[in-house]
2 protein chains.
Amino acid sequence: MGQKGEAKRVQIVKAANDLFYKQGFGATSFADIAKASGLPKGNFYFYFPSKDSLLNAVLDDRVQSLQSKLQSFEHNYATPRERLLRLAEMPIKDFENITRYGCPMGSLSSELGKCCEELETRTIEMFDVLKNWIAGQLTEMGQSPAASQATARHILTTMQGAALMAYTYGDPVWIEDTVAHMKATIAAL
Amino acid sequence: MGQKGEAKRVQIVKAANDLFYKQGFGATSFADIAKASGLPKGNFYFYFPSKDSLLNAVLDDRVQSLQSKLQSFEHNYATPRERLLRLAEMPIKDFENITRYGCPMGSLSSELGKCCEELETRTIEMFDVLKNWIAGQLTEMGQSPAASQATARHILTTMQGAALMAYTYGDPVWIEDTVAHMKATIAAL
DNA sequence: GTCTATACCTTGATAGAC
DNA sequence: GTCTATCAAGGTATAGAC
């Protein structure tokens, strides 16, 4: 596949990523992606054998974004506590999107679980990246591996709940309260 | 509408309720409901003018179930703390369904938010019933109205997060840990 | 490699017989 | 009131021209 082909592939994934987030995977048709990307819809099947395959590419992209984000935390902040605090307040910065479209990981996971189990396992991958990174920070802070996992689960659970409720009510107050609570918890660890 | 007609209506709502929970609203077709209820699909439009209308009937049913459940808590347990503890441990009893299909309220809310805003407001109704009941118990325990609302939001947020994560991972540990944590919080109030 | 045209299926909804 | 047959629309996916 040539240079131009790769660029087009990226273009498709980019448009699909956005639409899968804002409309959901099932509600997004190839016609939608064609309109958003400016590419004719028959072309997609040259790059992706199926819609599921396209979603897989989108998930690859999201995992990579998440990993580089976490890496930037490690680079920019010296202590694990500081890193976790920055992570916890991320939903504040993104509250508009979360309130309107939900958490990119949580809402997709919720949707895929109902229809396609194979794809659901891919979303677990994404959550695992985040969970294990959080647990790693906690271990670095002196928690045992088991305790780190439990605390990481607690943090993920709370943030996902906040995103879902803020999305349901269309009100960021659910995020604000939860983030404040979470930051206090982390600071006290 | 006669007696038999009403019975059939209930039968349709019952089958739809189950399928909307286990497969999702969008993924459930009239053909599915026909197969599950044993009724021919062309018949549905005599009872419901549209699929949305059927969902509304399902939501009415769920709200009523929820309200009678909460009423039974009031009847069976003397103190608000006891009632909240019983509510908090409900997901434990239902962990198998939640792990497989998610929370009936949360997963539906997540799905509807992406497609139909009018129906999304109906799910808020359901959450409000629960939220305001929890807040009422907390007020009875001496919390101020504002604090009661904030605590009720916190409880709802946490339980929804636990349901979503248990569903995503297909693992009830997310529920067990969260319920234990929640019960400790309530007991300490 | 790129794009058009279209096949084929499933969906929600309707028309009309009984 | 109840049910069968069918419609129009929109979906994914494919065939094949260029």
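In what follows, chains are A, B, ... by sequence order, proteins preceding strands, each numbered from 1.
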Nucleotide nearest K41(B) when distance is taken to its side chain, options dA13(C), dG11(D), dT2(D): dA13(C)

Under a 3.5 Å cutoff, is there a donor and acceptor pairing between the side chains of Q11(B) and S37(B)? no

Looking at S29(B), does any N or O in its side chain come under 4.0 Å of the phosphate oxygens OP1/OP2 on dT10(C)? no

In terms of ring plane angle, is the pair F25(A) and F20(A) parallel, tilted or perpendicular, where the classes change at 30° and 60°? perpendicular

State plainly whether the residues E82(A) and R86(A) are in salt-bridge range, i.e. N to O under 4.0 Å. yes

Would you check if the side chain of Y101(B) reaches a backbone N or O of G24(B) as a donor-acceptor pair within less than 3.5 Å? no

Want to settle it: does P49(A) or A31(A) sit nearer the 5' end of DNA chain D, counting the closest nucleotide to each? A31(A)

Would you kindly give the CD1-to-P distance between I33(A) and dA13(D), to the nearest whole Å? 11 Å

Separation of dA15(D) P from F44(A) CZ (nearest whole Å): 19 Å

Regarding T28(B), tell me which of base, sugar-phosphate or nothing describes its non-hydrogen contacts under 4.0 Å with the strands shown. sugar-phosphate

When you measure from the side-chain N and O atoms of Y45(B) to the phosphate of dA15(C), is any distance below 4.0 Å, counting only OP1 and OP2? no

Whole-Å distance between dT11(C) P and F25(B) CZ? 13 Å

Atom-pair distance (CG on N43(A); P on dA17(D)), nearest Å: 18 Å

Closest to side chain of F30(B), choosing from dC3(C), dA13(C), dC3(D): dA13(C)

Rounding to an integer number of Å, can you tell me how far F46(A) CZ sits from dA5(C) P? 20 Å

Heavy atoms from C-beta onward define the side chain here; which of dT4(C), dA13(C), dA13(D) lies closest to that of K51(B)? dA13(C)

